[in-house]
Structure formats: structure tokens, C-alpha cells
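Each remark here refers to the structure printed beneath this line.
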Amino acid sequence: MKRIYVNEKWCLGCHLCEYNCAFANSGMKDMVLALKDKKIFPRIHIEGDERITFAVSCRHCTDPLCVKSCIAGAISKVDGVVKIDKTKCVGCLTCVLVCPHGALSLGEDGVMQKCELCLENACGKPACVTGCPNRAIVYEERGDKA
Amino acid sequence: MKKYVIIGNGTAAVGCVEGIRSVDKKSKITIISEEKHAVYSRPLISYYLEGKTDLHRMKYRGDSFCEDNDCRVLYGTRAVSIDPEKKLVALNDGAKLDYDALCVATGSRPFVPPFEGLETVEKKFSFMKLDDALALEGTLTKVARVLIVGAGLIGLKCAEGIRDRVGEITVCDLADRVLSSILDADCAKIVQERLEANGLHFLLGDTAVRFEKSKAVMKSGKTVEFDVLVLAVGVRANTELVKEAGGNVNRGIVVDEKLQTTLPCVFAAGDCAEGFDASIGANRVLAILPNAYLQGHAAGVNMAGGKACFDNAIPMNSIGFFGYHIMTAGAYDGEMIEEKTGSGVKRFFIGENRLKGYILLGEVERAGIYTSLIRERTPLDTIDFDLMKKVATNMIYSEKERRKTFGDVV
Ligand SMILES: Cc1cc2nc3c(=O)[nH]c(=O)nc-3n(C[C@H](O)[C@H](O)[C@H](O)COP(=O)(O)OP(=O)(O)OC[C@H]3O[C@@H](n4cnc5c(N)ncnc54)[C@H](O)[C@@H]3O)c2cc1C
Ligand code: SF4
Ligand code: SF4
């Protein structure tokens, strides 16, 4: 399946992906109205220091520990995409406790959120990738693990 | 075609079904479920009372789970014995089920010590099952005084769930601190203060020794008047079926890393099982939901003839009270390194070049990165641990490791 891949050598650390993600998932039409002067809750985040930066979002793991550990049965993997049913999540953070990549965070509503590849919002494909000015994040097919 | 039987219908059973179906799509699966409800998320019973979920949303799997996985559930039915030679499970209604592979996923039950006068208490409850929560709910009133015996995870989650629906809550425990199974004394004190600020009263290092209707007489001689009593002293693994069939049982049903018991073709998983705990290098019951699923799944794969080995289980907990998050993992031995953060504390336990365990209060962002270091036994000299004492980050890894994680399929 197609996944998001990150090349840290090309990352500028501009944080645009965070803004594009927050906007894509805001359900709003106007980016300024959606984000200006607000604390944003993106599902991708930049880690790093002065020298190195890179974007972190869900890896849609072959063996997703979050799915197996969620105490509410709120996380599932459907056609390769790991998704959260926000109506079932109770915010216990057990998924944060187990995700080895640090890919989940609490949303504005106090419910867990994670990258779902923009497949179900208005974008239809990852907004972070579309908006990355230096192709440091790509969305492509690189095979699957057995 | 094989015949699979699972005793119990909780998380471990679901893991087992999904494990079996990852290998064998066809053979018959029968689940024996003493509880009459479709499989629900047991930890959510306190969230139900708190109004954060409801009976529909707290189902652990969707309504079509049994149909999709082609399994039959015998609701309201209890397995009473196992005959490992004839490969039969006897049920309380007299029927017998034959199996090729059996998974015992019977969970645990509340342990109720013999309190003097307990029979005189009218409204008393355990807090393990949905039916317990529903029965307790029927007694909640804005003026009710509730006494909870046990300041562990279950007792305190119950307290959080009902706080806004009752008048007053007192929690007592023989231990001198809250959450004594997962917190050290300093951290327990911080958490206790938070809980008190949210209206709970504590009597620690003290417990009820005698009940007289609506009065508890404590070990210290104090008395507590109450309307509703919740007993959350501890749990015991349901091991009897395997023990009586001649299988090896300690505190839980002894299983190997394939989740096999000492009885042929009999597996066990979840709260009833005692599997390998990599953080102490010995067998132990790990009564947490992720472990139930992971064990159940591995058991299912092996029952169906696949190859699954589950040898990196560790104790770990994520638990929140009134918006304050606590995470713990691993074992608390070795050198302790403390890091104070904005709203909390992080304590790391380091020894033999490994992260052995941690306690995080308040700030828990990306904590799974720490957990993974314990689970994978990552040598600390191969990463830059100092970088992540304040906040967990993937920067601790080498560029090569990061390329594997973020530039490749994981
Ligand atoms: C209030 C509460 C809060 C919790 N919170 C958390 C949490 O935040 N995080 C976490 O990780 N864990 C938590 N836990 C623990 C977690 O719920 C358990 O670890 C998990 O449910 C174990 O799953 P299991 O399938 O092994 O057993 P169970 O879910 O207990 O299922 C076993 C089932 O088997 C049935 N059964 C037993 N004997 C028989 C028989 N002879 N015949 C037929 N059926 C039988 C039982 O009725 C039961 O339905 C909590 C538990 C409680 C009670
Ligand atoms: S949230 Fe974490 S564990 Fe779950 S699939 Fe994504 S990267 Fe893997
Ligand atoms: S925070 Fe939500 S999604 Fe994560 S484990 Fe808890 S209930 Fe599941």
C-alpha cells in the first residue's frame, strides 16, 4: 500500500506540514479562519534540533501495537490504514504508551488522533505531502512486509 | 477442518479469534461466555458511569464481529471442566464440546477477604464486570456516601467514575499509599494530592476489619459511615479449570512463550495466565488489557498451526484521573534518574546499559518511545538517551535507525 515516507536530509524544518495537516482535518474552507491565532493540533509533527529536522506521523505498522492495545477497541486497521473511531476513544492514552514511534497525540477535543492519510477528509491524499516545499515527505508505494 | 473452543469472552478471547483467523479462515470457533453481554471493553465500566461512553460504544468489537469471524458464542454458559485426554469441555448445561485446540481465557475475579459482618451490608459491590457497574449505578445518588476498600487501579477508577454522581467518597487501603502496585512512595504522594484536590478522602495504612450494616470499623479503631460499599481489594486469576485437569498452575495458569499450558492442545491467555515477563525475566500474571490481546492473538496463531512467540511482555500502565495522566512500565530497579517537568515528574530506572522501567506523572508525550526501549532491551550506549529525559523523541536514534523507521515499511 501507499505510505508516507520521510527523508530528513531534505526537511527544512519549516513546520508547513503541521499547518497543512491541522487545516486538512479542521473541516474548514478558509485556512486563516481555521488556524490563525489558534493552538494547532496536527497529526504530524516536526522533531529535531538546529541541524536535523524530520516529520513524524503514523507508520501504519505491519504489526500495529496501538490496535492491539487500545482498551476501548477504538483503533482498527482497515485495508492497511490504521484508524481511530473517535466516538469510542476515552482518552486513556494506552496507545501513546505503546506506540514505538511517538505518532499519536490528543486532539483539541481531548480524544486521540493520528494520521489517517487524509483518505477520508476533503483532501483525499496526504495534505502534508502535497504542501511540502522540498519533497521531504512523499506518499508512495514501497511494498509491504510479509 | 479443526474445532477451536475458547473459554471466556473478553479481550484475550477476541485476540485469540483474530489470531486463529489470521491463519485459518474456515474451521469452527466456539466461545463459551459466562457473561450475557456481547464482548465489551472491561476497563470502560468506570467511563460508563462517568458518562464518557455508553453501552453501545463500549462494545469491544463491532456488531458483526461474530458473523465476520464465523464464530459461535454460547452466552450465559459456563465451562465446568476440561478433559484433556478426550479433548472435551463440559458445560454447566450438561453439554460437552470437543476440541482440537482449546484456549482458556477466563480472566480474573475479585478477591474478597473474609470481613466480619460483611453480610450485614445491604449495598455492596465488586467492580469488575459490566453487571457490577450497572448494579452500582442503581444506588448512586447525590447524597450517597461511598466507601471504597482498595486504592489500586480498579478502586480509584471506580471513584473517578462515580465522583460527580455521589455525595462523598472515602477510599481506604491497607497499603500506606495509593496505586501501590505501580507507584513508589514519592510519586504516590503527588497522585494522592491530586486525587484529594478532586474531592476524594483517603484512609491509608488502614482498612476495614468489621462491618455493621452501614458502618465500617477500621483497623485503627476509626469508624466510617457509608451508604454504598465497593470492594476492590484485588483480583485472583481464574485457574481452576486447568488446575483440576492436572495442568501446572501458580498464581496464574503457567504458559510458555507460545502460550501453551502444560496440558496438550490447551492454551491460556490474558488475566488467567502467567506468562514470561521480560522485565523481570520470570513468569508473572500481567493483568492488563494489551497483554490479554497480545497473548490471545499469539495463542490463536499457534492453535491454528502458525508460529507465534510472545516473549517480550512487560508490565505497563497508562491511567488518568481527572485529567492527570500517569504512565508506568517495566521494573523499578537500577539507578533512578529523576527529571522534573512542567506539570510533573519523570523517573527512569537504568541498569546494565538498559532502560529498565519508568514512572511518568503529568507529562507523557510520546512515551511509547521509552516503552519500546524497555521492550526491545535497546542498549543505551547505542542511543542518545540524555536527549529524551525531558521529552521523548526519535532524535535519540541514529540517522540510520531513523531512516529505517520513517523511510521504510515498519
Ligand atoms: C475497572 C477496571 C479497569 C481496568 N482498567 C484497565 C486499564 O486502564 N488498562 C489496562 O490495560 N487494563 C485495565 N483493566 C484490566 C483489563 O480489563 C484486563 O486485563 C482484561 O480485561 C483481561 O482480559 P481477559 O480476556 O483476560 O479477561 P476478562 O476480560 O476478564 O474476560 C474473561 C471472561 O471469561 C469469563 N469466564 C470466566 N470463567 C468462565 C467459565 N468457566 N466459563 C465461561 N466463561 C468464563 C468471565 O465471565 C469473563 O467474561 C481494568 C480492569 C477493570 C476491572
Ligand atoms: S500509531 Fe504508532 S503503533 Fe499505531 S500504527 Fe501508527 S506508528 Fe504504528
Ligand atoms: S486513548 Fe483512545 S484510542 Fe488510545 S488506547 Fe485509549 S481509548 Fe484507545
Side-chain angles (χ1 to χ4, degrees), chain A residues 1 3-9 11 45 47-49 51-74 76 85 87-106 110-111 136-138 141-146, chain B residues 11 14-15 18 39-44 46-47 50 52-53 56-62 65 288-291 293-294 296-297 316-320 323 325-329 360 364-373 375-376 387 391-395 399 402-403 405-410:
Chain A
M1 66 172 276
R3 283 187 173 82
I4 286 176
Y5 297 99
V6 171
N7 185 343
E8 68 181 47
K9 289 213 175 81
C11 177
H45 65 268
E47 289 180 33
D49 56 18
R51 298 165 300 125
I52 308 164
T53 53
F54 50 92
V56 175
S57 63
C58 171
R59 306 307 304 143
H60 300 277
C61 300
T62 309
D63 181 22
L65 273 175
C66 59
V67 173
K68 294 181 166 179
S69 301
C70 172
I71 69 162
S76 58
D85 177 346
T87 67
K88 291 181 87 175
C89 170
V90 293
C92 71
L93 307 195
T94 302
C95 49
V96 174
L97 170 81
V98 299
C99 170
H101 311 303
L104 298 126
S105 59
L106 274 178
V111 169
I137 322 172
V138 295
E141 178 67 66
R142 293 189 185 171
D144 286 300
K145 263 196 189 171
Chain B
T11 295
V14 169
E18 294 178 349
V39 59
Y40 60 93
S41 306
R42 186 167 309 287
L44 264 53
S46 70
Y47 295 89
E50 202 181 345
K52 282 195 171 169
T53 187
H56 180 69
R57 286 182 291 157
M58 71 189 287
K59 286 184 184 170
Y60 187 55
R61 286 295 183 262
F65 177 77
I288 48 173
L289 187 136
N291 198 57
Y293 186 93
L294 290 160
H297 194 274
M316 53 180 179
N317 270 285
S318 173
I319 189 163
H325 287 289
I326 302 164
M327 284 192 194
T328 61
L360 312 179
V364 297
E365 207 181 341
R366 303 200 279 269
I369 300 178
Y370 301 132
T371 314
S372 167
L373 296 177
R375 192 190 304 112
E376 305 301 330
L387 271 182
V391 187
T393 168
N394 290 286
M395 280 296 280
E399 190 199 331
R402 276 201 302 274
R403 201 158 54 226
T405 304
F406 300 107
D408 211 340
V409 181
V410 289

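Note that these values count all heavy atoms, side chains included, but never hydrogens, waters or copies made by symmetry. Chain letters run A, B, ... following the sequence lines, proteins first and then strands; every chain starts at 1.
In this structure, A:E47 contributes its side chain and B:N394 its backbone to a donor-acceptor pair below 3.5 Å. Side-chain atoms of B:T371 do not come within 3.5 Å of backbone N or O of A:V98 as any donor-acceptor pair. For the pair A:K88 (side chain) and B:K59 (backbone), a donor-acceptor distance under 3.5 Å is present. Put simply, the side chain of A:R3 never gets that close to the backbone of B:V410: no donor and acceptor are under 3.5 Å apart.
Looking only at heavy-atom pairs under 4.5 Å with chain A, the residue among B:G407, B:A367, B:G323 that has the most is B:G407. Among B:E50, B:M58, B:E399, the residue making the largest number of heavy-atom pairs under 4.5 Å with chain A is B:E399.
In this structure B:K52 satisfies the side-chain hydrogen bond (donor to acceptor under 3.5 Å, both in side chains) test with no other residue, sequence neighbours excluded. In this structure, the side-chain hydrogen bond (donor to acceptor under 3.5 Å, both in side chains) partners of A:K68, at least two apart in sequence or on a different chain, are A:D63.
For chain A, the nearby part of B:S372 is the side chain; its heavy atoms alone come within less than 4.5 Å. With a 4.5 Å cut-off on non-hydrogen atoms, B:N317 touches chain A through its backbone but not through its side chain. For B:M395, the parts lying under 4.5 angstrom from a heavy atom of chain A are both the backbone and the side chain. Proximity to chain A is limited to the side chain of B:L294, based on heavy atoms less than 4.5 angstrom apart. Interface residue A:C70: only backbone heavy atoms are found under 4.5 Å from chain B. Looking at A:D85, neither its backbone nor its side chain comes within 4.5 Å of chain B, counting heavy atoms on both sides. Only the backbone of B:T328 comes within less than 4.5 Å of a heavy atom of chain A; no side-chain atom from C-beta onward does. Within the 4.5 angstrom heavy-atom criterion, only side-chain atoms of B:H297, from C-beta onward, approach chain A. Residue A:I137 does not touch chain B at all, counting heavy-atom pairs closer than 4.5 Å. Looking at B:Y47, only its side chain comes within 4.5 Å of chain A, counting heavy atoms on both sides. Both the backbone and the side chain of A:C61 come within contact range of chain B, each with at least one heavy atom under 4.5 Å from a heavy atom of that chain. Looking at B:R403, the atoms closer than 4.5 Å to chain A (heavy atoms on both sides) all sit in the side chain, from C-beta outward.
Looking at heavy atoms from C-beta onward, A:H45 lies out of side-chain contact with B:E365 at the 4.5 angstrom threshold. B:V364 is not listed as a side-chain neighbour of A:L97, based on a closest heavy-atom distance of 4.5 Å or more. A:T94 is listed as a side-chain neighbour of B:P290, based on a closest heavy-atom distance under 4.5 Å. Side-chain contact check for B:M327 versus A:V96: some heavy-atom pair is nearer than 4.5 Å. Between A:I52 and B:R402, the closest side-chain pair of non-hydrogen atoms falls below 4.5 Å.
Here CG of A:L65 is found 5.0 Å from CZ of B:R375. Values are rounded to the nearest 0.5 Å. Separating the SG atom in A:C99 from the CD1 atom in B:I369 is a distance of 7.5 Å, to the nearest 0.5 Å.
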*With side-chain contact (heavy atoms from CB on, under 4.5 Å) as the test, would you mind laying out the steps for A:Y5 and B:V409 before giving the verdict?*
CA-CA 9 Å; A:Y5 297 99; B:V409 181; 3.4 Å; yes

